Amino acid sequence: MEIRFSGGRSGTAPLTWGQRAIWDTVRKTAPDDRYFNFGRILPVPGRAGPLSPERAAEMLGALVERHESLRTLMDADGSGTPAGAAGSGARILDCAEPYQALRDAGTIPLTVAAGDPGRLLEELTATAFDYAAEWPLRAGLVVDGGEVTHIVLAFCHLATDGLGAEVAVRDLRLLLMRGAVPGPPPPQPLDLARWQESGPGRRVAQIAAEHWEGEYRRIPPTMFDRPSGEAADPPVWRAKLVSRAMDLAVQRIAALHATSTSTVLLAFSSRLVSGVTGHGVCAMLPIVGNRFRGDTVNAVTTLSQEGLFVLDSGRTDPGDTSGLLREARPAALRAYRSAYHDPRDRDRLTAAVGLERGTAVHPYCCFNDMRFTDRADASHDERAVRRALDETTLTWPLSQDRLNCRFCLHLTAEPGGLGVSVTADTRFLSRPAMERYLLDLESALVTAAFQQVPELVG
């Protein structure tokens with residue numbers, strides 16, 4: 001089957017800041033850039049009634065018409081005529097910065113299958129996108145008895161980020177139930193690119209660049225700078241810890257210290273990186289959603305970018321959770337503000353500061369909280385939390401040859417608790433060290449959850 005769409009306009013524009021950021025990462029990770037594919041599974045809402053494959057295809061077409069990022073290709077020269085031949089993606093990867101090329105009409109293949117929606121999603125995300133010739137959305141329908149039970153969407157990261165994918169799924173659900181999405185469409189990537197090149201956009205970029213430049217002058221050139229001596233084959237591995245005990249402990253710490261669970265995890269993981277690397281100052285790159293402006297909340301595009309979080313762990317004692325979080329809160333706010341930046345500015349200042357310091361400067365250490373909810377709860381009992389440690393699992397779900405980083409920490413909400421994954425280059429952090437890091441993080445958080453909080457004593 002096919003999804004047919006006919007949108008209102010076409011055109012070209014420079015990449016948005018978010019598109020530039022992910023494009024640079026994609027190029028550095030290729031040919032393993034399938035790493036950035038992700039997807040969503042939408043069970044057909046009961047209120048939508050029986051759904052035929054034809055009706056599902058029609059609603060998917062309406063979704064692509066509403067959100068222009070889902071029909072935008074990469075164009076090497078801004079001519080508006082992206083290469084159409086299969087395999088052109090390999091050639092476009094040689095282009096340092098392509099243009100975005102919006103198309104007004106076309107068809108997208110639609111896979112129809114029976115069985116497990118999760119397996120269909122795995123199939124749809126298994127290969128890298130052809131950025132110049134393939135639409136940045138792959139879609140599938142799971143059918144049973146001629147009716148659609150699930151719609152599976154696989155996204156190219158150049159089209160959207162995780163928050164944008166949630167908007168797309170919400171809008172598709174509304175289309176299935178009501179036949180339309182209320183309200184005008186949100187800003188589109190073409191509009192965002194033009195604003196970012198305007199005077200107000202350049203002023204925002206300058207403020208962010210000043211933060212990056214100042215911090216790059218004082219952070220370690222890179223966090224993981226010592227060979228591990230235990231490189232694996234392939235060199236990049238992922239260790240994933242799923243821990244209900246850590247989840248409950250983080251909730252309790254956040255409630256007791258009046259902060260978010262994300263800030264708690266960012267602070268503790270950064271302090272532990274300092275311990276592992278021997279650097280008293282930790283520079284970590286949190287992935288920030290950049291949906292602070294009201295008009296971008298509902299945008300389906302890639303807005304997420306790296307911010308720069310810098311924590312001087314030497315300013316607090318190892319067991320002083322209150323002091324650690326007092327240091328971390330303003331540092332986190334500065335990091336979030338710095339994330340909405342022009343990657344071209346960052347590239348220029350990185351080169352300039354590197355020349356000034358006589359060495360390349362890049363943390364190669366990132367933090368990505370992929371959860372969509374944040375819960376603080378001080379009521380969790382210590383005995384119950386420590387019993388939950390017996391449920392913790394650790395697996396090795398991924399290995400590959402290339403990654404554009406040396407240490408990437410991902411947080412996910414899992415049925416069994418908090419998921420914390422470390423994807424690392426074992427040439428700098430060995431597999432045993434990755435496992436120790438995750439278990440030490442869990443232990444530190446559980447211990448901190450039941451320390452006395454000075455503000456509450458007496």
Side-chain angles (χ1 to χ4, degrees), residues 25 28-38 122 125-126 128 220-247 249-250 265-279 282-287 306 313 318 362-371 388-447:
T25 301
K28 290 176 180 176
T29 307
D32 288 330
D33 43 317
R34 65 185 184 283
Y35 174 89
F36 299 104
N37 298 349
F38 69 101
E122 289 178 3
T125 56
T222 190
M223 293 307 301
F224 291 85
D225 53 359
R226 301 173 185 172
S228 69
E230 299 180 65
D233 185 18
V236 175
W237 284 76
R238 174 177 293 168
K240 181 174 183 178
L241 190 83
V242 177
S243 171
R244 191 167 70 88
M246 197 186 321
D247 194 13
V250 170
L265 286 157
L266 178 59
F268 274 80
S269 59
S270 296
R271 184 166 68 181
L272 191 53
V273 164
S274 284
V276 169
T277 63
H279 294 298
C282 177
M284 189 170 271
L285 304 172
I287 309 301
E306 294 174 340
S313 59
H362 194 301
Y364 291 117
C365 177
C366 71
F367 175 96
N368 191 359
D369 189 345
M370 302 169 67
R371 302 169 301 160
L389 288 169
D390 294 335
E391 304 169 19
T392 298
T393 62
L394 191 143
T395 57
W396 297 89
L398 177 145
S399 63
Q400 62 188 47
D401 290 314
R402 296 187 64 185
L403 186 68
N404 70 314
C405 198
R406 295 181 181 178
F407 178 95
C408 298
L409 190 145
H410 292 80
L411 306 176
T412 53
E414 304 289 339
L418 175 65
V420 185
S421 300
V422 168
T423 308
D425 187 330
T426 60
R427 289 168 291 194
F428 298 94
L429 187 70
S430 68
R431 289 185 62 184
M434 293 164 66
E435 183 172 345
R436 284 196 302 273
Y437 179 93
L438 289 169
L439 294 173
D440 286 350
L441 180 62
E442 179 186 53
S443 177
L445 287 161
V446 169
T447 298

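Just so it is clear, the structure is predicted and the values come from calculations on it, not from any experiment.
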Original post:
Who pairs with D401 by side chain to side chain donor-acceptor pair (under 3.5 Å), at least two apart in sequence or on another chain?
Top reply: none

Original post:
Mind checking what makes side-chain contact (heavy atoms from CB on, under 4.5 Å) contact with T393, not counting sequence neighbours?
Top reply: V242

Subject >> N368: partners by side-chain contact (heavy atoms from CB on, under 4.5 Å), with sequence neighbours left out >> reply: I287, M370, H410

Subject >> L389 backbone acceptor or donor facing T392 side chain under 3.5 Å >> reply: yes

Subject >> Qualifying residues under side-chain contact (heavy atoms from CB on, under 4.5 Å), relative to A413, sequence neighbours excluded >> reply: R371

Original post:
With sequence neighbours left out, what residues match T426 under side-chain contact (heavy atoms from CB on, under 4.5 Å)?
Top reply: A231, A232, P235, W237, R431, M434

Original post:
Which residues satisfy the ring pair (Phe, Tyr, Trp, His ring centres under 6.0 Å) test with Y437, sequence neighbours excluded?
Top reply: F407

Original post:
Among all residues two or more places apart in sequence or in another chain, which pass the salt bridge (charged side-chain N to carboxylate O under 4.0 Å, His left out) test with R436?
Top reply: none

**OP:** To the nearest 0.5 Å, tell me how far D440 CG sits from S269 OG.
**Re:** 13.0 Å

Original post:
Under the ring pair (Phe, Tyr, Trp, His ring centres under 6.0 Å) test, which residues partner Y364, sequence neighbours left out?
Top reply: H362

Original post:
Does L403 offer a backbone N or O that forms a donor-acceptor pair with the side chain of T29 under 3.5 Å?
Top reply: no

Original post:
With side chains defined as the heavy atoms from C-beta onward, is the minimum distance between T125 and F38 less than 4.5 Å?
Top reply: no

**OP:** Given side-chain contact (heavy atoms from CB on, under 4.5 Å), test L409 with L265 step by step and report yes or no.
**Re:** CA-CA 10 Å; L409 190 145; L265 286 157; over 6 Å; no

Subject >> Sequence neighbours excluded, every pair satisfying salt bridge (Lys or Arg N to Asp or Glu O under 4.0 Å) that has a member inside residues 226-238 >> reply: none

Original post:
Does anything in residues 411-433 pair up under ring-ring contact (aromatic ring centres under 6.0 Å, His included), and if so which pairs, sequence neighbours excluded?
Top reply: none

Original post:
Restricting to pairs with a member in residues 408-430, which pass salt bridge (Lys or Arg N to Asp or Glu O under 4.0 Å), not counting sequence neighbours?
Top reply: K240-E414, D425-R427

Original post:
Taking only residues two or more places apart in sequence or in another chain, which ones pass salt bridge (charged side-chain N to carboxylate O under 4.0 Å, His left out) with E391?
Top reply: R244

